[in-house]
Amino acid sequence: MKKIGVFLAAIVFITVFGTIVFAMDLQFSGEFYAAGLYLDKTNVMKDTASDGISTAFYYQRLRTKGVLVVVPGLMLTTRFDTMKRAWGGPRSTPGTGLDSASAATRAENENIAFDWLYLTYKSPIGLFDVGYMNTGVIGGVFGDSGTPNGRVKYTFATGPFTLNLKATKVKEGSRTFVNPAGVMDADNDNYGVEAQYKWKDFLGWLSLYWYRYADQKPIADNMKHFFLITPFTQAKLGPVFLQAEFNYAWGKENEYGDGSPLPDVDMQNISAWVDAVADFGVFYVGGTAAYVSGDDPGTTNKKEGGTLTGGIDWNPCLIMWNYDRTYWQGNIDGFNSARQSSPMSNAWFFQARAGVRPVDRLDIMGSVSYANADRKPTAAWVDNSYGFEVDLTAQYKITNNLSYMLGGGYMFTGKFYKGESDANSVRDDYLVINKLTLTF
């Protein structure tokens, strides 16, 4: 009788809780890509013992987003990456340092790693999101570095107006089981308010954030805190789609305690971006201008660059400031620690591009870009020209969910990479990439 009772209880349990589970709505979406990359030189230094070598390899990633709708107005959202690795390449050494733009380590991403997990509740007074979610995204794609962090977000929308309030935990310094030597109030946090107005073909955005980074306070009696204001706009004027963004950060790069002999360092960073595309159906033309202030080495009490960047989500070229190229291959080095990496910093950037769609499924685009440094890193630096880059890409939609891209980029290396001696020689570099992408 006891066995029969246990069996009947199990049936009741499965029936009750199984009914609840099956009443839920589970939705999946995502992207898988497999790509092959060839880079002619891994550095642009010429006639040295460390001349760059060529590299070629394949890599892939599966990114899946899942949304569990518990009941209407209440849901859980997660996102995870699977097998983000180079084919047949050595695996990363396990550690505790987080991968770029991830809540997991690089070794974990090479297997499976979760980045997002947050709850969404549509209440009568607005929308609440609580948990690990995407942060570092403000305004347009320029300047964005989407990174998972713990956050509480409140959204209120009425008509064309939307208000967001955000509190984000970037780093926790308090004592925990895995951090027994923790110190209270040595955290990195930021708080933001965003207002958006959307009307027909116009979008206006204004945000104000306060960043308080105190993780160095118990070590060097030093704290970094600053404000960031970002106006952003989008507009569609006939066939022209226009975007513009301005970022201004001000505050303290270093603020030391009263007992420190070191002087405070003020922060004043600026970045800006304008992008326009005129689409005429079969063909289109566009252009971009971007700026990120660099630090003046002659002003030791001020920090004019280094905090604001172009962001890892903005990839204007195949070589210059391309996050995927940097993530999978690494930096392209020059002399005296000059390097081409991602994201863009200390630079003026200009690009002209044009594309054609000879058939519905094929898009061919070419671009010419030029960049130079806003500030020379030292007084002895030879030149501030990063150089030119010419890119050509073709993307073909095999099906509605499957596309193939083939591209090539050639960088005419500028004298910036000579570093502090004009006698140093630099070489041009080029890249070829092909990529298969599945979306679902």
Side-chain angles (χ1 to χ4, degrees), residues 29 31 127 134 136-146 155-164 166 192-209 228-248 270-292 308 310-318 321-323 343-344 348-370 391-397 400-401 403 405 407 437 439:
S29 61
E31 177 193 79
L127 187 71
N134 209 27
V137 177
I138 303 172
V141 66
F142 175 79
D144 288 353
S145 295
T155 302
F156 175 78
T158 176
F161 178 76
T162 302
L163 174 70
N164 295 319
K166 300 177 180 179
V193 54
E194 301 168 346
Q196 175 183 299
Y197 183 82
K198 189 172 184 180
W199 180 72
K200 293 185 179 179
D201 295 327
F202 169 81
L203 183 145
W205 173 293
L206 181 64
S207 66
L208 178 64
Y209 277 76
L228 171 63
I229 189 169
T230 303
F232 167 73
T233 186
Q234 288 180 342
K236 195 167 188 314
L237 309 171
V240 179
F241 181 61
L242 178 68
Q243 300 182 85
E245 179 172 321
F246 179 80
N247 299 282
Y248 178 63
I270 296 173
S271 69
W273 173 67
V274 177
D275 183 86
V277 178
D279 194 334
F280 303 100
V282 175
F283 69 95
Y284 56 92
V285 294
T288 300
Y291 169 73
V292 178
L308 297 184
I312 63 175
D313 296 345
W314 181 66
N315 295 275
C317 302
L318 291 177
W321 299 302
N322 186 288
Y323 172 72
M344 185 181 96
W348 288 90
F349 175 84
F350 306 94
Q351 182 185 81
R353 59 188 182 274
V356 60
R357 306 181 186 99
V359 294
D360 289 341
R361 294 182 177 273
L362 179 62
D363 190 327
I364 302 172
M365 188 190 77
S367 65
V368 178
S369 306
Y370 171 75
D391 294 326
L392 181 65
T393 61
Q395 183 161 309
Y396 183 74
K397 267 188 115 172
N400 290 335
N401 300 91
S403 63
M405 186 271 282
T437 303
T439 58

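Since the model is a prediction, treat every value here as computed from it, not as a measurement. Numbering starts at 1 and runs along the sequence shown.
Here the closest non-hydrogen pair linking Glu194 and Ile138 is OE2-CG1, 4.5 Å. Considering every non-hydrogen atom in both Phe350 and Ala289, the closest pair reads CD2-CB, 4.0 Å. What you find for Glu245 and Gly140 is that their closest heavy atoms are OE1-N, 2.9 Å. For the residue pair Phe280 and Pro239, the shortest heavy atom distance occurs at CE2-CG, 3.9 Å. When all heavy atoms of Gly310 and Val292 are compared, the pair lying nearest together is N-CG2, 3.9 Å.
Looking only at distances, a side-chain donor or acceptor of Asn401 sits under 3.5 Å from a matching main-chain atom of Thr439. Listed for the Arg357 side chain is no donor-acceptor partner under 3.5 Å among the backbone atoms of Phe283. Side chain of Ser145 to backbone of Ile312: a donor-acceptor contact under 3.5 angstrom is found. Side chain of Asp391 to backbone of Leu318: a donor-acceptor contact under 3.5 angstrom is found.
Residue Gln395 holds its CD atom at 9.5 Å from CG of Leu362, rounded to the nearest 0.5 Å. Between Trp273 atom CH2 and Phe246 atom CZ the span is 15.0 Å, to the nearest 0.5 Å.
Contact of the Cys317 side chain with the Asn322 side chain is not registered, since no non-hydrogen atoms from C-beta on lie closer than 4.5 Å. With contacts defined as side-chain heavy-atom distances shorter than 4.5 Å, the pair Val282/Val356 qualifies. With a 4.5 Å cut-off on side-chain heavy atoms, Tyr284 and Asp363 count as touching. Side-chain contact check for Leu203 versus Thr233: every heavy-atom pair is 4.5 Å or farther apart. Counting heavy atoms from C-beta outward, Trp205 and Thr162 have side chains that stay 4.5 Å or more apart.
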CA sep, side-chain torsions, deciding dist, call: Leu392, Ile364, side chain to side chain contact (heavy atoms under 4.5 Å, CB included): CA-CA 7 Å; Leu392 181 65; Ile364 302 172; 4.1 Å; yes
Could you check Phe349 against Trp321 for side chain to side chain contact (heavy atoms under 4.5 Å, CB included), going step by step and ending with a plain yes or no? CA-CA 11 Å; Phe349 175 84; Trp321 299 302; 3.7 Å; yes
For side chain to side chain contact (heavy atoms under 4.5 Å, CB included), just list the numbers for Val277 and Val285, CA-CA rounded to whole Å, side-chain angles, deciding distance to a tenth of an Å, and then say yes or no. CA-CA 6 Å; Val277 178; Val285 294; over 6 Å; no
List the steps and the verdict of side chain to side chain contact (heavy atoms under 4.5 Å, CB included) for Val141 and Asn315. CA-CA 9 Å; Val141 66; Asn315 295 275; over 6 Å; no
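Side-chain polar atoms of Arg353 and Thr288 form a donor-acceptor pair below 3.5 angstrom. Looking at Gln351 and Ser369, their side chains do bring a donor and an acceptor atom within 3.5 Å of each other. Side-chain contact of Asn247 with Tyr291: a donor-acceptor pair under 3.5 Å is absent, judged by distance alone.
In this structure, the ring of Trp199 has its center no less than 6.0 angstrom from the ring center of Phe161.
Between Asp279 and Lys236 no salt bridge is recorded (no basic side-chain N to carboxylate O distance below 4.0 Å).
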